[in-house]
2 protein chains.
Amino acid sequence: MGALKLAPLARPDGMPTHEYAHRRLRQAIMVGSIRPGESLTIRGIAEAMESSPTPVREALRRLSSEGALKVLDNRRIMVPKMTADRFGELMALRAVLEQHGARRAVGHITERQIDRLAEIDRALDDAIARKDKATALLLNQEFHRTLYTANPDQMIMPMVESVWLQLGPFLGIAMEHVAQLYVVDRHQEAIAALRKRDEDAVAAAIAADIREGIGGFDRGAIENLLRLAGQ
Amino acid sequence: MGALKLAPLARPDGMPTHEYAHRRLRQAIMVGSIRPGESLTIRGIAEAMESSPTPVREALRRLSSEGALKVLDNRRIMVPKMTADRFGELMALRAVLEQHGARRAVGHITERQIDRLAEIDRALDDAIARKDKATALLLNQEFHRTLYTANPDQMIMPMVESVWLQLGPFLGIAMEHVAQLYVVDRHQEAIAALRKRDEDAVAAAIAADIREGIGGFDRGAIENLLRLAGQ
DNA sequence: TATTTATTATTGTGATCACATTTTGAAGAT
DNA sequence: ATCTTCAAAATGTGATCACAATAATAAATA
């Protein structure tokens with residue numbers, strides 16, 4: 001039996017247990033605190049968050065539909081293992097999806113929202129300067145999310161989040177083995193392009209940001225990291 | 001209480017109830033047999049498929065994560081309503097996602113698999129000639145799925161299926177009000193491009209197929225259909 | 001010591017129940 | 001007629017239990 005350790009998380013009043021379980025597990029996976037290949041038990045999770053199997057199972061179903069977990073033939077549940085090929089596909093998908101999302105946001109985003117992006121980027125630079133990898137990752141996600149959700153009818157966010165979620169466990173490994181994150185994000189470039197309403201330039205900035213920013217490793221680096229982590 | 005009618009579906013031996021419920025509801029939504037705005041009750045579904053609330057709830061959670069269902073603030077569950085804007089976003093997303101999937105399949109697909117595509121396309125033409133809209137829709141999906149899954153590491157299928165699922169209820173409406181489906185698919189074009197391993201041509205064929213094929217309506221047609229259906 | 005077998009513990013699963021909230025429908029008042 | 005009030009029915013939710021299948025551990029065999 002694995003003594004599952006789960007970071008605590010505030011529970012808003014009235015939130016159902018299954019949703020709370022989903023949020024908490026999701027966060028744990030997103031920041032890579034559950035190792036790929038590690039198997040989870042319903043009862044173990046239920047005990048860890050002081051509830052019962054029923055709502056936990058609902059949370060696990062959702063997470064498996066989101067690609068964060070994989071249900072084996074034994075019906076056992078685990079965090080999928082990463083491979084260099086899978087990582088490549090995920091990053092390529094991220095690029096396509098997010099470029100699209102960025103393009104479809106250009107026509108909707110307000111100056112005020114662009115200001116908000118700049119604000120998030122400042123906080124992000126600050127976190128990087130403090131070498132606070134975890135919050136840097138979160139703020140980077142918030143930057144992208146804020147951009148894409150400027151389009152009120154946007155349909156990509158659940159899919160983008162799914163990709164982030166699938167990348168999460170590997171980023172957890174990466175952050176353990178990479179001494180410093182020397183991040184060269186393209187957020188300023190994106191912001192400038194947004195102010196000019198230049199759709200192509202926005203898309204280019206986002207593509208470059210994904211390719212070279214946080215989590216942007218080349219294939220060799222990936223294989224190295226996977227070997228180091230014994231995957 | 002709504003007397004929910006659910007098309008029967010064979011249940012493979014040993015399949016868990018929650019998965020069976022998921023499959024059956026999913027299929028019902030995909031072919032548009034549940035109207036947008038129609039609300040579902042857990043007990044109603046459980047009764048309709050002769051089981052109990054527990055596994056049905058798991059199925060509903062998965063479907064909500066897949067975008068097929070929406071959980072309201074009252075915690076009640078319904079099929080999302082369609083709008084012209086939402087439809088536009090979904091179709092644009094479909095185009096981006098599937099072009100990407102097609103491109104990433106070109107390097108992996110075998111001649112044998114291309115033959116299989118041709119076979120599916122023949123069956124599809126046959127269904128169209130018989131004016132059998134339902135199977136035409138299914139075969140069209142199978143054509144696309146077969147293409148994209150030629151890439152063994154492909155990560156887009158769950159997302160493509162999610163989009164199809166969200167389009168489903170509206171296609172159900174469309175098929176009721178559109179007398180004939182005069183479909184001009186671009187499958188032959190795609191097949192020819194695949195044999196030549198011409199990635200750009202494949203992507204172009206898929207884009208055109210989505211734009212002009214089954215479910216490819218212009219904005220005016222959408223608004224008309226939504227008005228006709230009283231949405 | 002290594003391998004197989006048998007026993008025990010653990011796990012996923014699904015039905016049931018109790019509780020709180022919401023919805024519904026009828027009776028009454030304006 | 002329209003709106004309000006209130007009781008009854010329906011619904012989402014989560015804990016618990018029993019069962020079958022799987023995994024883990026101990027015992028026995030080679």
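Any value given below was found using the heavy atoms of this structure, including those in side chains, with hydrogens, waters and symmetry copies removed. So you know, we letter chains A, B, ... as the sequences are listed, proteins then strands, and number each from 1. This is a predicted model, so every value here is computed, not measured.
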(request) Mind checking B:L40 for me? I need base, sugar-phosphate or nothing, with any heavy atom below 4.0 Å counting as a touch. (result) sugar-phosphate

(request) Classify the side chain of A:T54 versus the base of D:dT13 as yes if they form a donor-acceptor pair under 3.5 Å and no if they do not. (result) no

Select one nucleotide: of [options], the one nearest the side-chain heavy atoms of [X].
X	options	value
A:P16	D:dT22, D:dG12, D:dG14	D:dG14
B:N74	C:dT11, D:dT13, C:dT22	C:dT22
B:I42	D:dG12, C:dT13, C:dG14	D:dG12

(request) Would you please classify the geometry between the B:F143 ring and the B:H187 ring as parallel, tilted or perpendicular, with 30° and 60° separating the classes? (result) parallel

(request) Taking the side chain as every heavy atom from C-beta outward, state whether B:L9 and B:Q27 have any atom pair closer than 4.5 Å. (result) yes

(message) Here's a test of your reading of the structure: between A:P53 and B:I77, which maps to the more 5' nucleotide of DNA chain D?
(response) B:I77

(request) Could you tell me whether the phosphate oxygens of D:dG14, OP1 or OP2, come under 4.0 Å of any side-chain nitrogen or oxygen in A:S52? (result) no

(request) May I ask you to check whether B:S65 and A:R61 show a side-chain donor-acceptor distance below 3.5 Å? (result) no

Whole-Å distance separating the [atom1] atom of [X] from the [atom2] atom of [N]:
X	N	atom1	atom2	result
B:M78	C:dT22	CE	P	19 Å
B:R76	C:dT23	CZ	P	6 Å
A:I45	D:dG14	CD1	C1'	16 Å
A:R75	D:dA20	CZ	P	14 Å
B:R43	D:dG12	CZ	P	7 Å
B:R57	D:dG12	CZ	P	9 Å
A:D73	D:dA23	CG	P	11 Å
A:D13	C:dA20	CG	P	15 Å

(message) Which residues pass the side-chain contact (heavy atoms from CB on, under 4.5 Å) test with A:R116, not counting sequence neighbours?
(response) A:E119, A:I120, A:E142, A:T146

(message) Testing A:V163, A:D209, A:I206 one by one against A:E98 for a side-chain contact (heavy atoms from CB on, under 4.5 Å), which residue passes?
(response) A:I206

